[in-house]
Each structure stands twice: as structure tokens, then as C-alpha cells.
Amino acid sequence: MNEEIKAIADRLIGLRDIMDVSEQEAADVCGVSLELYKKYESGMIDIPVGVLQSMSKKYNIDLGTLISGKEPHMHSYCLTKKGKGLSVERRSDYKYEALASGFINRKSDPFIVTVPFSEKAEPHYNSHPGHEFVYMISGKMELTVDDKTMKVEEGDSVYFDATKKHAMVAIEKEAKFLDLII
């Protein structure tokens with residue numbers, strides 16, 4: 001079991017306990033089945049960022065705190081130096097680098113996301129409340145939103161309803177993009 005996933009699962013359980021929220025209520029907030037939510041809390045499977053964001057918004061806890069266990073402290077600005085964002089590398093599909101985890105009461109969550117290339121890559125679908133904005137920094141990928149698959153290349157951007165199932169797969173080489181979860 002990945003220790004980072006287990007630590008995040010433990011923080012999710014702690015949040016639920018503190019807020020006196022049942023597993024079913026938490027599953028409803030996250031828009032997933034009770035069975036899947038229980039798997040998240042077991043620490044045996046990865047917890048998508050969108051699920052964590054649903055909990056953080058509903059129960060007014062910082063997303064970075066759920067991910068890292070550290071509280072943000074910045075009120076006026078938050079400078080994140082290149083390559084120094086909070087690393088959220090919990091699964092092989094994507095690597096997230098949180099760019100504003102030190103800022104208190106964020107209205108959105110910006111990430112640099114790296115999608116490794118693999119000839120055998122299969123899309124892993126996710127959905128979560130809110131909207132999402134993707135700006136391609138380098139590489140190419142196929143972005144699927146519901147049943148629409150788009151080829152997104154360097155300089156392209158896509159804004160979409162994140163409650164729709166969506167997945168990204170790198171084409172030809174690693175893909176890197178700015179992801180803003182709103």
C-alpha cells in the first residue's frame with residue numbers, strides 16, 4: 001500500500017469524523033457510490049483530486065491540507081518557484097504539482113499536470129463538481145469529456161464542466177498542462 005495514499009485516506013476519515021459525516025453522506029458529496037468511497041478510505045486505491053476537492057469545498061478545509069497534512073499560511077500572495085509546487089504523485093497516470101497550496105481560502109486550485117506517455121495507456125475517467133480549465137504547455141494529448149475526444153496540443157486550451165466524465169491520455173510523448181480546477 002502506498003503510504004501517501006494511506007495518509008490522505010486517514011485525513012479524509014479524520015475530516016469525516018470531526019464533521020460527524022457518515023460514509024454515505026461523504027460518498028454523496030463526492031458523487032461516488034458508497035462502495036467506491038469506502039475503497040478510498042481504505043487507502044488501498046488512489047483518491048482522485050476531484051474527490052478530495054469535493055470534500056474540501058463542502059467542509060471548508062483546504063485541498064492542500066487534505067493532500068499534504070500541512071496548513072496554508074499565505075494571505076496576500078503565494079509564490080511557487082518552478083518545480084517547487086506541492087507534489088501530488090500518487091498514481092502512475094498523472095503527476096500533479098499544486099501551485100497555490102500555501103494560499104489560504106483559494107477560490108480555485110491550479111496544478112501543473114504531467115501525463116506520461118505509454119503505448120498501452122488507457123483513459124482513466126474522473127468527474128467532480130465544478131469546472132476545469134486545461135492549457136497545454138507541451139506535448140499532445142487526447143482529452144475526452146463525456147463522449148467527445150479532442151486532440152489538444154501545445155498552446156491549446158479547453159474549459160469544461162468537470163461533472164462530466166473526463167480523462168487524458170498523452171500522445172507520442174509526455175504531455176504537460178496547466179490545470180485549473182474551479
Side-chain angles (χ1 to χ4, degrees), residues 2 4-9 11-12 15-16 23 25-59 61-64 66-68 85-101 106 108-118 120-137 139-152 156-171 174-182:
N2 181 314
E4 187 176 353
I5 293 172
K6 181 62 177 148
I8 294 168
R11 284 190 286 278
L12 201 55
L15 171 63
R16 202 172 47 71
E23 288 176 322
E25 288 173 280
D28 293 344
V29 165
C30 297
V32 299
S33 69
L34 177 59
E35 179 182 356
L36 180 56
Y37 185 82
K38 285 181 178 183
K39 287 180 183 177
Y40 291 150
E41 281 198 359
S42 76
M44 299 303 285
I45 65 169
D46 181 40
I47 307 166
V49 171
V51 166
L52 295 172
Q53 187 187 44
S54 296
M55 291 295 284
S56 74
K57 282 186 174 185
K58 175 68 177 180
Y59 299 108
I61 185 169
D62 183 76
L63 176 61
L66 275 178
I67 293 169
S68 70
L86 175 64
S87 178
V88 186
E89 192 170 356
R90 300 183 329 266
R91 58 194 233 197
S92 60
D93 303 48
Y94 312 121
K95 175 189 173 201
Y96 288 84
E97 182 182 351
L99 299 178
S101 61
R106 289 181 310 282
S108 62
D109 287 291
F111 297 92
I112 295 293
V113 180
T114 304
V115 182
F117 172 73
S118 169
K120 300 175 185 179
E122 294 288 326
H124 294 272
Y125 289 92
N126 185 22
S127 65
H128 50 86
H131 293 166
E132 197 160 335
F133 173 77
V134 169
Y135 177 81
M136 241 9 233
I137 297 170
K140 301 176 197 171
M141 69 179 179
E142 286 185 347
L143 169 63
T144 303
V145 179
D146 262 351
D147 295 322
K148 173 68 176 168
T149 299
M150 301 161 263
K151 185 176 180 181
V152 186
D156 294 347
S157 64
V158 181
Y159 188 98
F160 61 93
D161 178 350
T163 64
K164 309 295 183 192
K165 66 179 183 166
H166 55 279
M168 297 103 176
V169 176
I171 303 170
E174 175 183 276
K176 186 177 282 194
F177 59 94
L178 173 66
D179 189 31
L180 186 62
I181 300 175
I182 306 159

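Only this structure's heavy atoms are used, side chains among them; waters, hydrogens and symmetry mates stay out.
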* Mind running side-chain contact (heavy atoms from CB on, under 4.5 Å) on Ile61 and Met55 for me, showing each step along the way? => CA-CA 8 Å; Ile61 185 169; Met55 291 295 284; 5.9 Å; no
* What are the two closest non-hydrogen atoms of Ala121 and Val169, and how far apart are they? -> CB-CG1, 3.7 Å
* **Leu12 and Tyr37, any side-chain heavy atoms less than 4.5 Å apart** => yes
* Asked: Just checking, is any N or O donor in the side chain of Ser127 or Thr163 under 3.5 Å from an acceptor N or O on the other one?
  -> no
* Taking Tyr125 as the fixed residue, which of His166, Lys165, Lys164 is the one that meets the side-chain contact (heavy atoms from CB on, under 4.5 Å) rule? -> Lys165
* Distance from Asp46 atom CG to Asn2 atom CG, nearest 0.5 Å? -> 8.0 Å
* Run the side-chain contact (heavy atoms from CB on, under 4.5 Å) check on Arg106 and Leu63 step by step: do they pass? -> CA-CA 9 Å; Arg106 289 181 310 282; Leu63 176 61; 4.0 Å; yes
* To do: Please work out which of the three classes, parallel, tilted or perpendicular, describes the rings of Phe133 and Tyr159, given edges at 30° and 60°.
  => tilted
* Answer whether the closest heavy-atom distance between the side chains of Val152 and Phe177 falls below 4.5 Å. => no
* **Heavy-atom check, side chain of Ile45 versus side chain of Leu36, under 4.5 Å** => yes
* Measure the spacing between CG of Leu15 and NZ of Lys58 and express it to the nearest 0.5 Å. => 12.0 Å
* **Reported NZ-to-CD1 distance for the pair Lys95 and Ile112, which is rounded to 0.5 angstrom** => 10.0 Å
* Step through the shown structure and confirm whether more than 12 heavy atoms of other residues, nucleotides or ligands are within 6.0 Å of NZ on Lys57. => yes
* Asked: Looking at CD1 of Ile67 and CG of Leu52, how far apart are the two atoms once the value is rounded to the nearest 0.5 Å?
  -> 5.5 Å
* **Side chain proximity check, Phe117 to Ile171, heavy atoms < 4.5 angstrom** => no
* Asked: Given the rule in the side-chain contact (heavy atoms from CB on, under 4.5 Å) test, do Val145 and Leu143 qualify, once you have shown the distances and angles that lead to the verdict?
  -> CA-CA 7 Å; Val145 179; Leu143 169 63; 4.1 Å; yes
* Asked: Measuring from Lys6:NZ to Glu41:CD, what's the distance to the nearest 0.5 Å?
  -> 9.0 Å
* Asked: Can you find a pair of side-chain heavy atoms, one from Pro48 and one from Tyr40, that are under 4.5 Å apart?
  -> yes
* **Validation row: Glu132, Asp179 side chains within 4.5 angstrom (heavy atoms)** => yes
* Asked: Is any side-chain heavy atom of Arg16 closer than 4.5 Å to a side-chain heavy atom of Glu23?
  -> yes
* To do: Locate the shortest heavy-atom distance separating Ser33 from Ala27; write the atom from each residue and the value.
  => O-CB, 3.8 Å
* **Exercise: identify the closest heavy-atom pair between Val51 and Cys30** => CG1-SG, 3.5 Å
* Over all atoms of both residues, closest heavy-atom pair of Pro123 and Ala167 -> CB-CB, 3.6 Å
* Working to the nearest 0.5 Å, report the span between CE of Met150 and CE of Met168. => 9.0 Å
* Looking only at heavy atoms, what is the nearest atom pair of Ser108 and Pro110, with distance? -> O-CD, 3.7 Å
* May I ask you to test the Asp146-Phe160 pair for a side-chain heavy-atom distance under 4.5 Å? => no
